Amino acid sequence: MGVQLNFINNSNDTNNSEVVIFQKNVATNFDELSVAWQVIKYCGQGDNHPFTFPMGMQVGASDSYGNYTPQLDAQNGELFQMSLTTSGDRLVRAGNGSSSREVQVLNALPKGAINASCYKDGKLLAIKTSIAPQQKAVFEFKPTIWIGVASQVVQGQVMNSAIISNINTELSLLGIASADIVMTGGGPGANSTPFAFNLENIVMC
């Protein structure tokens, strides 16, 4: 299940701006850098770009030896752990975590740090790096997306804080089955207005 979204460019943009969509991991109390989950490029005036925002997500991990685990379906409240087995390092479900709102990944290896990653629609959504043995990565996402105009953003890579701080549009997808995301504003010269993003033609679940 996912939210069917359709990005529509009704702006006056003349710079081939890139539109970035991401989520913020709210489980951490400091501003960690977000990953560019989706980057829409070269979507011209009047063009549209349909995509699905899945409600479910996957979790994966990599170890200090450069090995990557398969991506496992993850629900809020679940705990995963990276364990050393007779067949090497493996990411396995380990019951319930300490919070029903979070997905947690525990480094249960005897030695070596791991990286933990969350994915939506096969694309990287968030990453926590250098998790030491017996330490946990925690991921919690509200049913919202952040969207804005950026440049030199690479899908699947961590964005720098200057880009993130410039993006202040948060759209709630709670209870929505489908909607258009309409971009307006922009344009050359003194009459240009800031880019704006609004949900239209909303169909509730």
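Since we're looking at a predicted model, the values are computed, not measured.
For the pair Lys128/Gln135, no side-chain contact is recorded, criterion being any heavy-atom separation below 4.5 Å from C-beta on.
In this structure a side-chain-to-backbone donor-acceptor pair under 3.5 Å is missing from Ser83 to Ala108. Judged by distance alone, with hydrogens and angles left aside, the side-chain atoms of Gln45 form no donor-acceptor pair with the main-chain N or O of Asn9 at under 3.5 Å. Distance alone, capped at 3.5 Å, is enough to place a donor-acceptor pair between the Asn25 side chain and the Glu140 backbone. The main-chain N or O of Thr144 is found under 3.5 Å from a side-chain atom of Gln23 such that the two form a donor-acceptor pair. Side-chain atoms of Gln71 do not come within 3.5 Å of backbone N or O of Gly60 as any donor-acceptor pair.
Interatomic distance, CG of Asn166 versus OG of Ser161, reported as 10.0 Å (0.5 Å rounding). Interatomic distance, CG of Asp47 versus CG of Asn10, reported as 10.0 Å (0.5 Å rounding). Here CG of Asp89 is found 6.5 Å from CG of Asn67. Values are rounded to the nearest 0.5 Å. Here the CZ atom belonging to Phe195 is positioned 12.0 Å from the CD1 atom belonging to Ile167, to the nearest 0.5 angstrom. If you take CD1 on Ile40 and CD1 on Ile147, they are separated by 6.0 Å, rounding to the nearest 0.5 Å. Once rounded to the nearest 0.5 Å, the distance linking CZ of Arg101 with NZ of Lys142 reads 11.5 Å.
At a cut-off of 3.5 Å, with distance as the only test, a side-chain donor of Ser87 or Thr85 sits close to an acceptor on the other residue.
Here the closest non-hydrogen pair linking Asn12 and Pro188 is O-CD, 4.0 Å. Listed here is the closest heavy atom pair of Leu84 and Leu109: N-CD2, 3.5 Å. Shown here for Asn107 and Pro133, the closest heavy-atom pair between the two residues is ND2-N, 3.2 Å. Here the closest non-hydrogen pair linking Pro54 and Lys120 is O-NZ, 2.8 Å. Here the shortest heavy-atom pairing between Phe141 and Lys24 reads CD2-O, 3.4 Å. Across Lys136 and Gln104, no two heavy atoms sit closer than the pair NZ-OE1, 3.3 Å.
Hydrophobic clustering (side-chain heavy atoms under 4.5 Å, transitive across Ile, Leu, Val, Met, Phe, Trp, Tyr) groups Met55 together with Leu5. Note: the hydrophobic cluster containing Val138 does not contain Phe22 (ILVMFWY, side chain heavy atoms under 4.5 Å, direct or indirect links). Met204 and Leu173 fall within a single hydrophobic cluster, where Ile, Leu, Val, Met, Phe, Trp and Tyr are joined by side-chain heavy atoms under 4.5 Å apart, directly or via other members. Phe51 and Met183 fall within the same hydrophobic cluster, where Ile, Leu, Val, Met, Phe, Trp and Tyr residues are linked whenever their side-chain heavy atoms come under 4.5 Å apart, directly or through other members. Residues Leu199 and Phe7 share a single hydrophobic cluster, defined by chaining ILVMFWY side chains whose heavy atoms lie under 4.5 Å apart.
More than 12 non-hydrogen atoms from other residues, nucleotides or ligands lie less than 6.0 angstrom from CZ of Arg93. For CD of Gln152, the number of neighbouring non-hydrogen atoms (other residues, nucleotides, ligands) closer than 6.0 Å is 12 at most.
Shown are Asp63, Val92, Ile131; of these, the side-chain contact (heavy atoms from CB on, under 4.5 Å) with Met82 is made only by Asp63. Asn160 pairs with exactly one of Ile164, Ile163, Val158 by the side-chain contact (heavy atoms from CB on, under 4.5 Å) rule, that one being Ile163.
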Kindly determine whether Ile145 and Ile181 satisfy side chain to side chain contact (heavy atoms under 4.5 Å, CB included), including the steps that lead there. CA-CA 11 Å; Ile145 55 173; Ile181 302 175; 4.0 Å; yes

Side chain to side chain contact (heavy atoms under 4.5 Å, CB included) evaluation trace for Val105 with Leu91: CA-CA 9 Å; Val105 181; Leu91 184 67; 4.1 Å; yes

Tell me, with the steps shown, if Leu125 and Tyr119 meet side chain to side chain contact (heavy atoms under 4.5 Å, CB included). CA-CA 5 Å; Leu125 178 73; Tyr119 301 87; 5.7 Å; no

After noting the C-alpha distance and the side-chain angles of Asn76 and Val103, does the key distance pass the side chain to side chain contact (heavy atoms under 4.5 Å, CB included) rule? CA-CA 5 Å; Asn76 287 342; Val103 172; 3.9 Å; yes

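Phe53 and Trp37 have perpendicular rings, their planes meeting at more than 60° on a 0 to 90° scale where under 30° would count as parallel.
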